[in-house]
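Just so you know, these numbers use all the heavy atoms, side chains as well, and skip hydrogens, waters and symmetry mates.
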Amino acid sequence: MLHVKLLFMILGLTFILTACGNPVKAKLHETNSGFNAQITGKTKHKKVYWQIGDTIHTTKTTDDAFAFEVPYKAKQYRITLADNEEMRNPTYVEGPVAKEIVQWPNFIQIYNPIAQQKGLGVFEANPLEGIRTDQVDSNNVIAMNVSDSKVLGISIKALNAGKNLTFKNYVLAFSTSIGTKPTQITELVDLSLKKSGSLMQLTDREVRYTVMTTNNNKQQVTQLSINHL
């Protein structure tokens with residue numbers, strides 16, 4: 001009889017431990033892009049719920065696996081994951097943190113006068129927060145990630161960069177505002193245009209400039225990305 005009672009106690013304890021087990025497994029994969037990192041994981045449910053701040057998002061699972069992107073921020077933050085909308089029995093993952101390229105006030109102090117001179121869009125004194133993408137025109141797209149008044153990432157994507165004056169003006173304005181000589185970046189872009197498909201990089205005072213040119217549907221696409229090492 002004692003043996004039977006002990007067996008039921010063990011089975012009961014096993015049930016409790018299983019019930020309290022975490023239903024969502026997750027891992028952060030950093031990209032060092034200054035924009036987004038990726039979280040991957042597994043759960044037996046059809047959806048995974050994840051929360052940053054007060055906002056709850058959902059991502060569907062495929063074969064019990066899921067993946068989604070989270071933004072880099074200037075300060076440590078936490079992502080909460082669960083298999084239910086009430087966020088019961090959650091999993092926690094620390095969000096990705098990136099170093100600043102430049103402080104927002106210092107950036108716009110130099111950028112805005114150049115932008116006005118070159119006919120580019122200017123920024124307000126109040127800093128952006130989060131990732132913002134702007135379609136400047138049919139040939140140019142710019143993106144920035146700003147967190148806690150710090151610029152963490154900048155991207156310029158352009159068609160026919162070699163003859164694209166707007167792209168060249170953005171390269172001039174952004175690199176000057178960060179404190180890098182524009183000629184260094186224009187030479188890097190020129191090299192990328194000559195070696196399509198090759199990744200070109202340059203580092204100046206712990207700021208990394210990455211350029212890639214590809215040929216897509218008879219169009220030449222160049223992307224310049226800027227982030228801290």
Side-chain angles (χ1 to χ4, degrees), residues 24-43 47-63 65-83 87 90-104 107 111 121 123 127-136 140-159 167 170-171 174-175 177-178 185 188 192 199-203 206-214 216 221-229:
V24 178
K25 306 296 181 184
K27 183 178 181 181
L28 176 71
H29 305 271
E30 296 202 44
T31 60
N32 296 320
S33 67
F35 282 90
N36 288 307
Q38 188 181 59
I39 288 181
T40 62
K42 289 185 176 295
T43 180
K47 290 182 180 179
V48 62
Y49 296 83
W50 53 281
Q51 182 176 4
I52 298 176
D54 296 327
T55 305
I56 298 177
H57 309 266
T58 60
T59 299
K60 292 182 179 180
T61 61
T62 303
D63 296 330
F66 62 86
F68 58 86
E69 292 185 334
V70 292
Y72 275 91
K73 293 181 179 290
K75 293 181 179 178
Q76 192 71 55
Y77 71 101
R78 188 170 68 176
I79 302 105
T80 305
L81 303 95
D83 63 351
M87 306 303 287
T91 296
Y92 300 106
V93 176
E94 294 300 316
V97 177
K99 292 183 179 180
E100 68 193 71
I101 299 171
V102 61
Q103 291 274 351
W104 181 260
F107 170 75
Y111 172 87
F123 292 103
L128 305 168
E129 184 65 31
I131 298 173
R132 172 177 167 175
T133 301
D134 291 320
Q135 179 85 43
V136 178
N140 299 279
V141 177
I142 63 171
M144 297 183 69
N145 184 15
V146 180
S147 174
D148 195 34
S149 297
K150 299 176 177 65
V151 181
L152 306 183
I154 296 175
S155 173
I156 319 170
K157 192 173 184 179
L159 295 177
F167 172 77
Y170 270 113
V171 171
F174 283 139
S175 58
S177 304
I178 295 168
I185 311 307
L188 190 68
S192 174
L199 189 69
M200 303 294 171
Q201 287 190 331
L202 177 150
T203 301
E206 297 190 325
V207 176
R208 176 171 49 205
Y209 296 82
T210 304
V211 185
M212 170 72 86
T213 298
T214 56
N216 185 17
V221 181
T222 299
Q223 182 163 0
L224 168 64
S225 300
I226 309 169
N227 64 284
H228 197 283
L229 285 177

Mind checking whether [X] and [Y] have side chains closer than 4.5 Å, heavy atoms only?
X: I52; Y: P71; value: yes
X: S147; Y: E129; value: yes
X: T210; Y: L224; value: no
X: E206; Y: H228; value: yes

Search all heavy atoms of [X] against all heavy atoms of [Y] and return the closest pair with its distance.
X: K60; Y: F66; result: O-CB, 4.1 Å
X: S155; Y: Q223; result: OG-NE2, 2.9 Å
X: G95; Y: I79; result: CA-CD1, 3.4 Å
X: F35; Y: A143; result: CZ-O, 3.7 Å
X: A26; Y: V93; result: CB-CG2, 3.9 Å
X: M144; Y: W104; result: CE-CZ3, 3.9 Å

If you measure from [atom1] on [X] to [atom2] on [Y], what distance do you get to the nearest 0.5 Å?
X: Y170; Y: I142; atom1: OH; atom2: CD1; answer: 4.0 Å
X: I56; Y: L81; atom1: CD1; atom2: CG; answer: 11.5 Å
X: N227; Y: L152; atom1: CG; atom2: CG; answer: 9.5 Å
X: E30; Y: I39; atom1: CD; atom2: CD1; answer: 10.5 Å
X: R208; Y: I226; atom1: CZ; atom2: CD1; answer: 12.0 Å
X: N140; Y: T222; atom1: CG; atom2: OG1; answer: 10.5 Å

Discussion item. Please evaluate residues W50 and V70 with respect to the criterion side chain to side chain contact (heavy atoms under 4.5 Å, CB included), reporting the C-alpha separation (whole Å), side-chain torsions for both, the decisive distance (0.1 Å), and the verdict.
Written reply: CA-CA 10 Å; W50 53 281; V70 292; 4.1 Å; yes
Worksheet item: Taking only residues two or more places apart in sequence or in another chain, which ones pass side-chain hydrogen bond (donor to acceptor under 3.5 Å, both in side chains) with D63?
Response: none
Item to complete: Can you sort out the partners of S33 under side-chain hydrogen bond (donor to acceptor under 3.5 Å, both in side chains), two or more places apart, ordered by chain and number?
Response: T31
Worksheet item: Is there any salt bridge (charged side-chain N to carboxylate O under 4.0 Å, His left out) pair reaching into residues 149-159, and which pairs are they, with sequence neighbours excluded?
Response: D148-K150
Discussion item. Test of understanding: with side chain to side chain contact (heavy atoms under 4.5 Å, CB included), list the residues that count as partners of Q76, not counting sequence neighbours.
Written reply: E94, V97
Fill in: Residues Y77, K75; criterion side chain to side chain contact (heavy atoms under 4.5 Å, CB included); working and verdict
CA-CA 6 Å; Y77 71 101; K75 293 181 179 178; over 6 Å; no
Item to complete: Could you check I178 against I154 for side chain to side chain contact (heavy atoms under 4.5 Å, CB included), going step by step and ending with a plain yes or no?
Response: CA-CA 11 Å; I178 295 168; I154 296 175; 4.0 Å; yes
Worksheet item: With H29, which residues qualify under ring pair (Phe, Tyr, Trp, His ring centres under 6.0 Å), at least two apart?
Response: none
Fill in: Residues which pass ring pair (Phe, Tyr, Trp, His ring centres under 6.0 Å) with Y111, listed by chain and number, not counting sequence neighbours
F107, F123, F174
So, does [X] use its side chain to make a donor-acceptor pair with the main chain of [Y] at under 3.5 Å?
X: N145; Y: Y72; value: yes
X: T43; Y: V24; value: no
X: S192; Y: M200; value: no

